[in-house]
Structure formats: structure tokens, C-alpha cells
Amino acid sequence: MKALLNLIQVEFLKLRRKKIIWIMLLAALIMPFFALFFVNKGVDPREYYRWSAFNFTILIILPVILGILSTMLMNEENQCDTLKQLWIVPISKIGYFCSKFFVVLVYSICFMLIEFVASVMVSVLLGYVAFEWSSVLYLLQKCLEYGFFTAFVMLPILAIASSQKGYILPICITLVYVFFALFIWSVNMYIHPLTSMEVIVARNNDIPGIMWPQGINVPLAFLCIFVWDIIAVFFANMALKRSEV
């Protein structure tokens, strides 16, 4: 456990040198701004927040940002063959992978917290919705849930990035992974982690505008994400073992 905590600490220290990672957090402001053009003043707060904090942010923006982040976290050490030096220490490969994932998890939650603050400030200050603690707490809960689960949804991309020395393939796979979820939604929501996450977070039918072609099955949604993540961890472990050679 101590070794894992040390790895996590090192990962966050390394982030200081990568200013682009912090700049990418500004993407959380995209949809709170564009929501002003999608909805009218005086709408139900949940309808407004669907546009400003959920919708395109969860389906496209945040997954793509996390895919880029995952690639950046893995690329430097893969490209410079630093991993071979790390294995001499030695360092647990699963522990190393988990330290990277923890960074993605914290980043995802921070991204959604920025989304939360921006959505509330823009909507209230410009008079789009009235300030109500119930709606604000509702938004905070959903943002935290989305931030938490999206990190697990993007675990397969982190695993793929662990096996590559460049940016192009992992980012291309990220785009395919994200847009495939949009097409698979109406076919089967329980074969892709991104659509399964939507079932989990919107399980109470409290997000307007979401349709359930196959009905709500939360255990099946959890199973889908779990299976994908187990395969991802196994793949990452194999890829990191090959880096010893």
C-alpha cells in the first residue's frame, strides 16, 4: 500500500510539468456556455443542467479528454523506455497501472466539479434558472457520479495506451470508442461501458430527455463495466510485462 501511495504521489508531482493537462480542464466550460443557446430562460433546472453539465459533456467531451490524458500519462515513459528502469526497482505492474488510473479518476472528478460550478454560476447569474438548493445538490450529486464512473469507463483506453509508444493510435481508438457508444445506444445499452454508465447514473429517471430502449437494468450495467475493466487490467498487465523485454 505504501508503495502504491508513493507511486500516486510521484504521478501528481509529474503533472506539474505538463501545463497542457491543466489547460484541458477549460473544456469543462464548453457546454455551460453553449447551453445558453440550447435552452430558454425559466426552464426546469434539471432540463438546463442536462444541457450544461450532462449530455455532450458526458458522451463526448469528458471521455475524449480522459482518453488524451491517459495517453499522455503513459506516453512519456513508454517513449523514453523509462519503464525498463522502473521494473529494476522493482515496482508492481498492477500498482503502476493503478497509480495512473488514480490520476485519471481524480482528474475526472475535478473536471465535473468545474462543470458543476460553471453550470450553477452561469445559469443563476444570467437568470436561466432560479437558485434552489435542491437543484444545486441534485447537480452536484450527478456530477460526482459521472466523474467517478467515467474514469472506470475509460479504463480500457488507459490499458491500450500502456501498450503504445505514440499518441495517434490510442487517441484514434478513443474517438472510435466514444462514437461507437452513440451508435450502439439504440441497439443494446449493456455492451458498452459508456452507455451502461448512463443507466447507472440516470437509474431514477431523474435526467430529462434520456430514453431507455432496453429498459433499466442497473446490475447488468455494472456487470458490463466490470467485465470491460477486468479485461483492461489483464491486457495492461500483459503489455507492461512485455515492456520488460
Side-chain angles (χ1 to χ4, degrees), residues 1-15 18 20-21 24 62-111 146-181 184 190-197 200 221-245:
M1 179 60 70
K2 183 178 180 180
L4 177 59
L5 292 177
N6 289 335
L7 285 173
I8 293 173
Q9 182 181 15
V10 170
E11 289 299 328
F12 280 106
L13 290 174
K14 289 192 295 185
L15 290 183
K18 300 177 180 179
I20 185 63
I21 289 180
M24 289 193 305
L62 181 55
V64 170
I65 291 293
L66 293 184
I68 296 173
L69 173 65
S70 299
T71 304
M72 293 178 67
L73 290 175
M74 288 293 187
N75 183 71
E76 183 177 356
E77 287 154 357
N78 278 334
Q79 201 168 40
C80 301
D81 288 330
T82 309
L83 285 178
K84 293 181 180 179
Q85 301 175 26
L86 291 176
W87 303 147
I88 298 175
V89 175
I91 292 177
S92 165
K93 294 170 182 57
I94 295 298
Y96 170 81
F97 183 73
C98 287
S99 67
K100 301 287 187 181
F101 170 73
F102 188 81
V103 173
V104 174
L105 176 62
V106 172
Y107 192 92
S108 180
I109 293 174
C110 289
F111 188 98
Y146 272 125
F148 179 80
F149 285 112
T150 305
F152 285 91
V153 166
M154 297 306 293
L155 195 61
I157 302 299
L158 182 64
I160 291 172
S162 69
S163 66
Q164 301 296 317
K165 290 188 177 182
Y167 286 92
I168 296 178
L169 182 60
I171 292 178
C172 288
I173 293 177
T174 297
L175 296 176
V176 173
Y177 181 78
V178 170
F179 285 102
F180 178 69
I184 204 67
Y190 301 102
I191 62 176
H192 195 293
L194 197 55
T195 54
S196 292
M197 177 187 68
I200 296 171
F222 272 111
L223 178 62
C224 171
I225 296 175
F226 177 77
V227 170
W228 276 75
D229 285 354
I230 288 296
I231 295 174
V233 171
F234 177 80
F235 177 83
N237 187 45
M238 294 296 101
L240 293 173
K241 283 184 177 180
R242 289 198 301 269
S243 67
E244 289 181 322
V245 182

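We number each residue from 1, following the sequence as shown. FYI, side chains are in, hydrogens and waters are out, and symmetry mates aren't considered; it's all heavy atoms of this structure.
Interatomic distance, OG1 of Thr71 versus CD1 of Ile168, reported as 11.0 Å (0.5 Å rounding). Summarising the geometry, atom CD1 belonging to Ile230 is positioned 15.5 Å from atom CZ belonging to Phe235; distances are rounded to the nearest 0.5 Å. Atom CZ of Phe149 sits about 11.0 Å away from atom CG of Leu105, to the nearest 0.5 Å. Of the inter-residue distances, the one linking Ile231 atom CD1 with Leu155 atom CG reads 11.5 Å to the nearest 0.5 angstrom. In this structure, the separation between CG on Leu69 and CD1 on Ile21 is 5.0 Å, given to the nearest 0.5 Å.
In this structure a side-chain-to-backbone donor-acceptor pair under 3.5 Å is present from Lys100 to Leu73. A donor-acceptor pair under 3.5 Å links the side-chain atoms of Ser162 to the main chain of Ala159, judged by distance alone. A distance-only check finds a donor-acceptor pair linking the side chain of Trp228 to the backbone of Ile191 [under 3.5 Å].
Heavy atoms of other residues, nucleotides or ligands lying less than 6.0 angstrom from CD1 of Ile20 number more than 12.
Looking at Tyr107 and Ile65, their side chains come closer than 4.5 Å, going by heavy atoms from C-beta outward. Considering only heavy atoms from C-beta on, Met24 stays 4.5 Å or farther from Phe111 through its side chain.
Taking both residues in full, the closest heavy atoms of Ile200 and Ala221 are given as CG1-CB, 3.7 Å, listed atom of the first, atom of the second, then distance. Considering all non-hydrogen atoms of both residues, Ile157 and Gly67 come closest at CG2-CA, 3.9 Å. When all heavy atoms of Ile109 and Gly147 are compared, the pair lying nearest together is CG1-C, 3.9 Å. When all heavy atoms are compared, the tightest approach of Val153 to Pro193 is CG2-O, 3.5 Å. Nearest approach of Thr195 to Ala181, heavy atoms of both residues: CG2-O, 3.4 Å. Nearest heavy atom pair, residue Ser108 against residue Thr150, reads OG-CB, 3.9 Å.
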Show the numbers, then the answer: is there a side chain to side chain contact (heavy atoms under 4.5 Å, CB included) between Phe97 and Met74?
CA-CA 9 Å; Phe97 183 73; Met74 288 293 187; 3.8 Å; yes
Tell me, with the steps shown, if Tyr190 and Leu223 meet side chain to side chain contact (heavy atoms under 4.5 Å, CB included).
CA-CA 9 Å; Tyr190 301 102; Leu223 178 62; over 6 Å; no
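Of the candidates Phe222, Phe101, Phe226, Phe101 is the only one forming a ring-ring contact (aromatic ring centres under 6.0 Å, His included) with Phe152.
Scanning for side-chain hydrogen bond (donor to acceptor under 3.5 Å, both in side chains) contacts around Tyr146 gives Glu198, with sequence neighbours left out.
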